Engineer: 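To start, I am sharing the structure in question, which I have written as structure tokens.
Each ligand, and each atom within it, is numbered from 1 in the order the structure gives. None of these values were measured; they are calculated from a predicted model.
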Amino acid sequence: MTELRGIAASGGIAIAGVLRIREQIKSGTFEGGPAESKKLYNELKILAHNEFGRLSSLSGDSNAAGMAELFDSYRMIIDDPGFEEAVLGRLDAGAALSDAIRQSGEELAASLVALEDDLISARSADVMGVSDELLRQLSILGMISDDPEEEFEESSESFIIVSKRLSPAQLMRIDKRRIEAICLSEGTVNDHTSILAGSMGIPCVVGLGPELLSEKYEKLVVDGNDGIVYLDPDDDTVRRYEEMKEKFLDLRNKAKLRLLERPLTECGRIMKVCCNISSPDDIDEDTSKYADGVGLFRTEYLYLKTNDYPTEEEQFEAYSAALKKMNGKDVIIRTCDIGFDKAVDYMKLPNEQNPGMGIRGIRISLERPEMFKTQLRALYRASVYGRLKIMFPMISSIWELREARRYCEEVKKELKAEGIKYGNVMLGIMIETPSSALLSSSFAKEADFFSIGSNDLTQYTIGADRINADISRYYDPHHPAVMELIAMTVRNAHDKGIHVGICGELASDIQMMGFFKEIGIDELSVAPSRLLEIKMNLLGEE
Ligand code: PEP
Ligand code: MG
């Protein structure tokens, strides 16, 4: 048994077999001429060298036997003259760079296997590891794209996903009912894969390091509460965690009884506690019963699980299902916030140097009115099934809100002309840029409500990328500047008499409850798996 410690990204305990997802990068489209391709190839070599160097030093820290040497040997393969000659030869013959790298890797790997020496042929996997890394670097540079169709092993069993990384789009394409937990060697708590796991109620541990990627184990115990993972757990560990799981369920049942006896709303209400979801499937019986509403429906996941824009009808089904399940409670549905770490090929977003600052959030909707209006039509049509509130993401200037509202008016007019009914829908904005927080007094005159997105507000206030694990100590959601902007937003919202919630990960940070009560925030919106715990905490009970 090996114990690995990572970062707890979504709570819960799982004991199951493993499904390994290896990064597959298929044929590329970069068609630069030989000279340009050779220049790019030299850049890729440096990037891959750096990456293996980084992994090698990480392995040294974590005592991962043999891993540091493995990454060092990968670096030697990058410089292998035979490999390089094969790539350059193919480029001279007119091959695309991605094809030249992949074919040269396959050729060298096959020639090692043909030597029929166990030790040497084992090196063929290392060669493929190197060519995959070079292709991955090419993909990061935006020169080729991942094939969206991942192939998952056929089996009816549920499993624990093990991978280096997992994009939100990949996660959305796996049958959620079969995923017991997610373990990643890289990743951060605030990236969208971790957040998605939380909204789906799937335990998740990230940043487990390269040892996780060893092929030598088949079963895992995952402790998503403390960020611990056991590879090939012994019987005692399995028993201990089975008992913990039972105890955890018992505690949840007690909390439910307690909340039924004395719901938060009836005991001198402190604040509403709602849930964040990414699909109507995330609303289970407990969520519709114990949550005070949906505080954030991240609709971009409807766009991520398909190979084309979701139709008005598909969206209408999803939004009306969420409203029906919540049975008259408020449901805040955010318009598509795609871009940055949530991207899909069919949208053909530009290859940006700095996607976190680029075409994401409301900007995509304003640039693609057809897409925006399709979503708004589906939302307004669904509004007759409950208490819908529409929210716009990443707003930073007043004109953006005005333009978004104009599209709402257009859509309402069209629906009216077609004789289609719609309800009375409030329009709010996310406060997730310093600009919107600083201007919250003006925004409060034109928006019907606010919800603070602390994940992005932290990223943009401090200027620290939320998905880069290497700078996680700089990404501090408790930073005084972030606290000040949150407090200022609440003051300005209340001055103008509008409701303000918080739906970023900070909303479920137990340490923050005192601060939230003090500033008088109206609503917390958290992953469904955290709902009971947060409500019990607000009631003053563990
Ligand atoms: C946020 O930024 O805090 C937020 C809730 O939005 P997302 O995490 O989806 O970017
Ligand atoms: Mg955000």
Engineer: Determine, considering heavy atoms only, which of I502, L506, N455 sits nearest to atom 3 (O) of ligand 1.
Structural biologist: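 Going through I502, L506, N455 one by one, N455 has the nearest heavy atom to atom 3 (O) of ligand 1.
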Engineer: Output yes when D448 and K389 qualify as a salt bridge under the 4.0 Å nitrogen-oxygen rule, no when they do not.
Structural biologist: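 A salt bridge is absent here (no side-chain N lies under 4.0 Å from a carboxylate O).
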Engineer: Might you point out which heavy atoms bring Y301 and P168 nearest each other, and give the distance in Å?
Structural biologist: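 Between these two residues, the closest heavy atoms are CE2-CB, 3.8 Å.
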Engineer: Using side-chain heavy atoms (C-beta onward) and a distance below 4.5 Å, is M426 in contact with I332?
Structural biologist: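 Result no, sub-4.5 Å side-chain heavy-atom pair not found.
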Engineer: Can an N or O of D456 be found at a distance shorter than 3.5 Å from an N or O of ligand 1?
Structural biologist: yes
Engineer: Where does E505 meet ligand 1, judged by heavy-atom distances below 4.0 Å: at the side chain, the backbone, both, or neither?
Structural biologist: neither
Engineer: One residue to check: L457. Relative to ligand 1, which of side chain, backbone, both or neither has a non-hydrogen atom less than 4.0 Å away?
Structural biologist: neither
Engineer: Numbering the atoms of ligand 1 from 1, which are under 4.0 Å from a heavy atom of L296?
Structural biologist: 5 (C)
Engineer: Counting each atom of ligand 1 from 1 as listed, which ones have a heavy atom of M430 under 4.0 Å away?
Structural biologist: 4 (C), 5 (C)
Engineer: For ligand 1, is Q459 a contact, meaning one of its heavy atoms is under 4.0 Å away?
Structural biologist: no
Engineer: So which N/O/S atom does D456 have closest to the Mg ion (ligand 2)?
Structural biologist: OD2
Engineer: Is it the case that S199 and S278 place a side-chain donor and acceptor less than 3.5 Å from each other?
Structural biologist: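 On atom types as modelled, these side chains qualify, holding a pair under 3.5 Å.
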Engineer: Just to verify, which of Y380, F316, Y319 counts as forming a ring pair (Phe, Tyr, Trp, His ring centres under 6.0 Å) with Y422?
Structural biologist: Y380
Engineer: Please verify whether a non-hydrogen atom of R466 lies at under 4.0 Å from ligand 1.
Structural biologist: yes
Engineer: If I compare all heavy atoms of C336 with all of P393, which pair ends up nearest, and what's the gap?
Structural biologist: O-CG, 4.0 Å
Engineer: Checking side-chain polar atoms at under 3.5 Å, does Q375 have a donor or acceptor matched by the opposite partner on S365?
Structural biologist: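 Distance-only check fails for Q375 and S365.
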Engineer: Ligand 1 versus I195, non-hydrogen atoms closer than 4.0 Å: side chain, backbone, both, neither?
Structural biologist: side chain
Engineer: Heavy-atom contacts with G504 under 4.0 Å: which atoms of ligand 1 show up? List them by number with element.
Structural biologist: 3 (O), 5 (C)
Engineer: Does the side chain of E409 reach to within under 4.5 Å of the side chain of R406, using non-hydrogen atoms?
Structural biologist: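 Side-chain contact under 4.5 Å: no.
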Engineer: Look at atom 6 (O) of ligand 1 and say which protein heavy atom is nearest, naming residue and atom and giving the distance to 0.1 Å.
Structural biologist: R334 NH1, 3.0 Å
Engineer: What is the closest protein heavy atom to atom 7 (P) of ligand 1, and at what distance does it sit?
Structural biologist: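 Among all protein heavy atoms, the one nearest atom 7 (P) of ligand 1 is H192 NE2, 3.2 Å.
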Engineer: To check your reading of the model: name the closest protein heavy atom to atom 5 (C) of ligand 1, its residue, and the distance in Å.
Structural biologist: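 Answer, as residue, atom name and distance: R298 NH2, 3.4 Å.
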Engineer: What N/O/S atom of E432 is the closest to the Mg ion (ligand 2)?
Structural biologist: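 Of all N, O or S atoms in E432, the Mg ion (ligand 2) lies closest to OE1.
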Engineer: Any N or O of E300 that comes nearer than 3.5 Å to an N or O of ligand 1?
Structural biologist: no
Engineer: Could you tell me whether the side chain of K289 reaches within less than 4.5 Å of the side chain of K256, counting heavy atoms only?
Structural biologist: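 They are not in contact (no side-chain heavy atoms under 4.5 Å apart), so the answer is no.
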Engineer: Which heavy atom of T461 sits nearest to which heavy atom of L485, and what is that distance?
Structural biologist: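 Heavy atoms only, the tightest pair is OG1-CD1, 3.4 Å.
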